[in-house]
Amino acid sequence: MGRPPVRQGGTLRLVTPASDGAAFATQGLTKTYGAGPAAVHALRGVDLDVPRGEMVVLLGPSGSGKSTLLNILGGLDRATAGSARFRGAELTTMSDAALTRYRRHHVGFVFQFYNLMPSLTARENVELVTEIADDPLDPAEALALVGLESRLDHFPAQLSGGEQQRVAIARAVAKRPEVLFCDEPTGALDSTTGRAVLRVLQDVNRETGATVMIVTHAAATAAMAHRVIHFADGRIREVAVNAAPAPAETIEW
Amino acid sequence: MNGARRDFRIAGLVEAPEFLFSAPPGELMPDDSRFAVIWMNHSALAAAYDMDGAFNEALLSLTRGAETQAVLRAADRILEPYGGLGAYGLKDQISNRFITEEIAGLVVTSRVVPPVFLAVAAFLLNIVVSRMIRAEREQIGLLKAFGYTSFEVGLHYFKFIMAIAVGGAMLGCLFGVIGGRSLATVYQIYYKFPFLVFRVDPAAFVTGVAASVLAAAAGGILVLRGVFTLTPAVAMRAAAPADYSRAAAMGGILRTLLDQPSRMVLRRIAREPLRTLLAVIGIAAGMAISVAMVNVTAAFDITVERNFTLVDRSDVTLAFIEPLPDRVIHDLRRIAGVIEVEPFRSVPAVLRNGPQSYRGGISGLVAEPRLNRAVGADLAPLPIREDGVLLGSALAELLGVAPGDRLEIEVREGRRPVIEVTVAGVAETLIGSPAYMRIEALNRALKEPGRVSGAWLRIDAAQSGEIFRKLRGMPAVAGVTVATEARAALEKVMDSGAGAVRYLMTAIAAVITFGIVYNSARIAFAERARDLASLRAIGFTRAEAAFVLLGELAVIILLALPIGAVLGYFMGEAVSAGFSTDLYRVPALFVPEGYGAAAAAVLLAGMVSGWLVKRDVDRLDLVATLKARE
Ligand SMILES: Nc1ncnc2c1ncn2[C@@H]1O[C@H](COP(=O)(O)OP(=O)(O)OP(=O)(O)O)[C@@H](O)[C@H]1O
Ligand SMILES: [Mg+2]
């Protein structure tokens with residue numbers, strides 16, 4: 001099934017019907033850095049199914065391969081072997097241009113270090129994405145979602161870390177992505193601010209139906225997830241399904 | 001010789017300093033194919049001319065501290081009764097003058113070009129090192145936190161700068177030796193120096209290395225301030241996002257018109273206007289040098305072209321051994337294949353206006369010359385008036401006279417009359433510094449009616465071989481100058497020596513332009529790699545990400561183009577004036593092609609630089625770049 005999906009009307013033509021319910025499905029996903037005895041095995045065969053619309057939290061020790069998995073699923077990096085499909089479309093064999101379209105039309109990212117454009121205001125940072133999206137939110141509305149309606153015209157240098165991270169979330173959700181990847185979104189934040197950010201992510205998941213995947217070291221975050229994936233040494237050690245996710249506000253840091 | 005053909009055995013080949021630059025009589029440019037100086041035993045020559053004990057040139061050497069002008073006047077007084085043509089000092093000796101001017105030109109070049117180069121290099125080094133210090137602020141902070149002093153950390157960067165400077169200086173020494181050797185060869189051939197020793201002067205290397213190291217130190221030390229002001233605490237924190245709030249206006253006004261990538265480009269330019277300005281000026285300066293050099297090159301060509309199509313339209317110039325009666329013109333007309341003959345009278349003369357004087361000559365022309373004309377500023381031919389003298393513009397300037405002014409002319413031939421004439425007009429001159437009078441008026445002043453010194457001919461090209469043979473066989477003819485040969489000789493002179501400097505300058509302009517354009521692109525990329533990776537991660541294509549980077553370069557280049565054009569115009573004027581002498585004038589011209597070519601070169605530099613960094617944008621490792629804190 002190595003055929004790359006073809007762009008059609010700004011989205012990916014999906015190889016299998018979108019109704020199968022899985023946002024992501026991976027089989028034997030492997031990532032190896034280097035070769036020979038010095039090779040680092042970041043992923044050692046990951047088999048995973050993520051249903052659509054779920055809030056997923058990835059936990060695991062440092063160096064266990066969480067970021068690597070997220071980067072491959074987000075179309076930022078390529079696997080060494082195995083398969084990773086987004087709604088049936090094979091990501092591992094996609095061309096660079098197709099991966100760019102995938103990121104552009106389907107994926108939102110929230111990075112640990114925010115990665116805002118310092119030369120653009122909060123509103124303009126969001127517009128950066130809405131300008132190239134098919135059916136975006138109004139930028140001001142997206143910023144209101146994260147509680148920054150009064151800081152529209154401030155530059156990143158004029159915002160606190162938590163505020164910058166919320167702008168990054170507004171930027172990621174403004175395109176109404178089908179999946180939202182967050183790699184340690186609260187890593188640089190204090191507990192109150194971190195909780196507020198998680199709250200926003202939970203709202204986005206509930207209101208837009210986006211699949212949200214969060215990598216974190218804060219094990220308590222697991223309480224708010226539908227599904228918790230425990231990583232160890234490049235493999236999935238355990239997957240826990242949470243029937244009743246807790247609201248973000250109740251999370252004990 | 002003396003009207004008869006004689007055979008000689010060549011005893012040897014020699015060089016003499018007074019003939020290093022030797023032009024045929026009445027001409028300005030050397031042409032070895034037609035003119036040479038022959039040394040002979042004085043008594044043999046006297047016998048050949050049947051003039052025992054006669055001499056027509058004497059060289060004087062003066063005691064130290066002697067007053068040259070007084071000696072010249074005294075010599076003129078003594079020789080006056082014998083028809084002396086006037087004594088002149090070493091500085092007016094033609095070979096000496098050419099070579100002195102050439103050396104002066106080299107000195108100017110060596111004082112102007114290296115500082116420009118070093119300033120550009122220092123500017124580029126400054127940018128590179130400041131970028132490096134910003135990128136390594138965490139390491140700097142860490143070292144300071146460990147207890148290293150600012151001085152020790154600064155010294156580390158200073159050593160780095162010195163390594164670059166010393167490395168560059170060593171390469172420069174090597175290129176200097178290679179370049180110096182080849183330049184010496186060029187000069188040796190051009191001036192026919194018997195030998196020219198390229199001496200490796202240690203002082204030159206010391207100066208060169210010291211200047212390079214100082215320039216690098218100046219460029220680098222400004223940045224090292226940054227190392228000293230960094231406190232460990234600040235350095236250990238991730239850099240806060242660059243503050244663009246002061247550049248907010250840029251793009252705010254155009255709220256609805258601009259997309260975000262364009263706004264990013266404009267804000268970045270507005271945030272560091274000084275750096276943008278320096279880059280713009282640097283590129284504009286490089287372009288200006290190109291414009292000036294292309295213009296001057298074109299002006300050299302136009303000078304030659306105009307001279308041989310508008311001014312001198314003859315095919316052949318004949319010079320007689322001595323003035324002949326004008327019936328010789330009728331004899332010339334009768335030669336088969338000769339279409340047109342125009343006589344001229346030329347005499348050496350000193351032109352004076354008060355203290356200003358010029359040692360040159362007067363050309364007597366017919367009323368409406370057709371083969372060798374004077375042209376006005378509009379390049380239309382000027383008639384030669386009966387009642388005045390028409391001066392070349394360079395000469396009029398030199399003497400400080402305008403039409404209507406009176407001029408004293410001291411003729412240095414025949415009866416040597418001193419006449420006073422009115423300046424009837426000023427002619428546009430390209431080559432030489434002529435003064436024209438009506439031939440009849442000149443002969444009248446000389447009291448030698450109906451005499452001609454030579455003639456210009458227009459001939460049928462098909463019969464040229466036969467005609468040249470006939471003319472060269474005429475005993476009264478001292479020289480036959482063929483226009484095409486003279487033109488080739490002139491082109492050669494303009495293309496070598498001083499003229500060749502323009503090629504060097506063009507190469508320098510190209511290096512400066514490319515260096516600054518490429519450096520701007522590189523630095524922009526280094527500073528924005530993270531932003532570009534973020535853009536790529538959120539779904540911007542390679543081309544869209546590259547736009548943010550290259551848009552800035554494009555704006556800088558577009559700003560530089562008009563500034564470079566204007567600077568180039570003035571620089572072209574200055575360079576033309578610098579190249580112009582009283583032997584030839586390089587007109588300051590507006591050559592659209594010059595601007596086009598220079599602009600194209602800048603754009604090409606932009607495109608090549610853009611392409612080089614675009615490759616890096618394409619190769620950007622998203623994961624690695626995003627993982628880095630800053
Ligand atoms: N470019 C690389 N070259 C070599 N090894 C790498 C590279 N990137 C990651 N690794 C290795 O791959 C493994 C997984 O890295 P990854 O970043 O996915 O870990 P992680 O689970 O996100 O850790 P953390 O919680 O510390 O962020 C680690 O052992 C790491 O050293
Ligand atoms: Mg990680």
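Just the heavy atoms: all of them, side chains too, but no hydrogens, waters or symmetry mates, feed the values below. Just so it is clear: chains get the letters A, B, ... in the order the sequence lines come, proteins before strands, and each one is counted from 1.
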With a 4.5 angstrom heavy-atom cut-off, which part of [X] approaches chain B: side chain, backbone, both or neither?
X	value
A:Leu76	both
A:Asn71	side chain
A:Gln164	side chain
A:Asn125	neither
A:Val107	neither
A:Leu99	neither

Is any side-chain heavy atom of [Y] closer than 4.5 Å to one of [X]?
X	Y	answer
B:Asp243	A:Pro156	no
A:Met117	B:Val548	no
A:Glu131	B:Pro261	yes
A:Ser67	B:Val623	no
A:Ser119	B:Met264	yes
A:Leu120	B:Tyr244	no

Query raised in the report: What closest approach, in Å, do A:Thr100 and B:Phe540 show between heavy atoms, and which atom pair accounts for it?
Result: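 That would be CG2-O, 3.4 Å.
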Query raised in the report: For A:Asn115 and B:Ser534, which heavy atoms make the closest approach, and how far apart are they?
Result: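 Heavy-atom minimum between the residues: ND2-OG, 3.0 Å.
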Quick check for you: to the nearest 0.5 Å, what is the distance between [X] atom [atom1] and [Y] atom [atom2]?
X	Y	atom1	atom2	value
A:Glu127	B:Gln260	CD	CD	4.5 Å
A:Thr121	B:Arg263	OG1	CZ	7.5 Å
A:Phe155	B:Arg271	CZ	CZ	10.5 Å

Query raised in the report: Residues in salt bridge (charged side-chain N to carboxylate O under 4.0 Å, His left out) with B:Lys144, at least two apart?
Result: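 With neighbours one apart ignored, the set is empty.
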**Report entry** Set of residues satisfying salt bridge (charged side-chain N to carboxylate O under 4.0 Å, His left out) with respect to B:Asp259, sequence neighbours excluded
**Finding:**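 Checked B:Asp259 against salt bridge (charged side-chain N to carboxylate O under 4.0 Å, His left out); zero matches.
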Report task. Keeping the roles fixed (side chain from A:Arg103, backbone from B:Ile538), state whether a donor-acceptor pair exists under 3.5 Å. Result ->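 A pair under 3.5 Å: no.
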Report task. Check whether B:Arg536 gets within reach of chain A through its side chain, its backbone, both or neither, counting any heavy atom under 4.5 Å. Result ->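 Both parts, backbone and side chain.
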**Report entry** Neighbourhood of chain A inside residues 555-565 of chain B, taking heavy atoms under 4.5 Å as contact
**Finding:**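 Expected list: none.
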Query raised in the report: What do you reckon, is CZ of B:Arg225 surrounded by more than 12 foreign heavy atoms closer than 6.0 Å?
Result: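 Check fails, neighbour count at 12 or below.
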**Report entry** With sequence neighbours excluded, residues passing ring pair (Phe, Tyr, Trp, His ring centres under 6.0 Å) with B:Phe158
**Finding:**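 B:Phe158 satisfies ring pair (Phe, Tyr, Trp, His ring centres under 6.0 Å) with no residue once adjacent residues are dropped.
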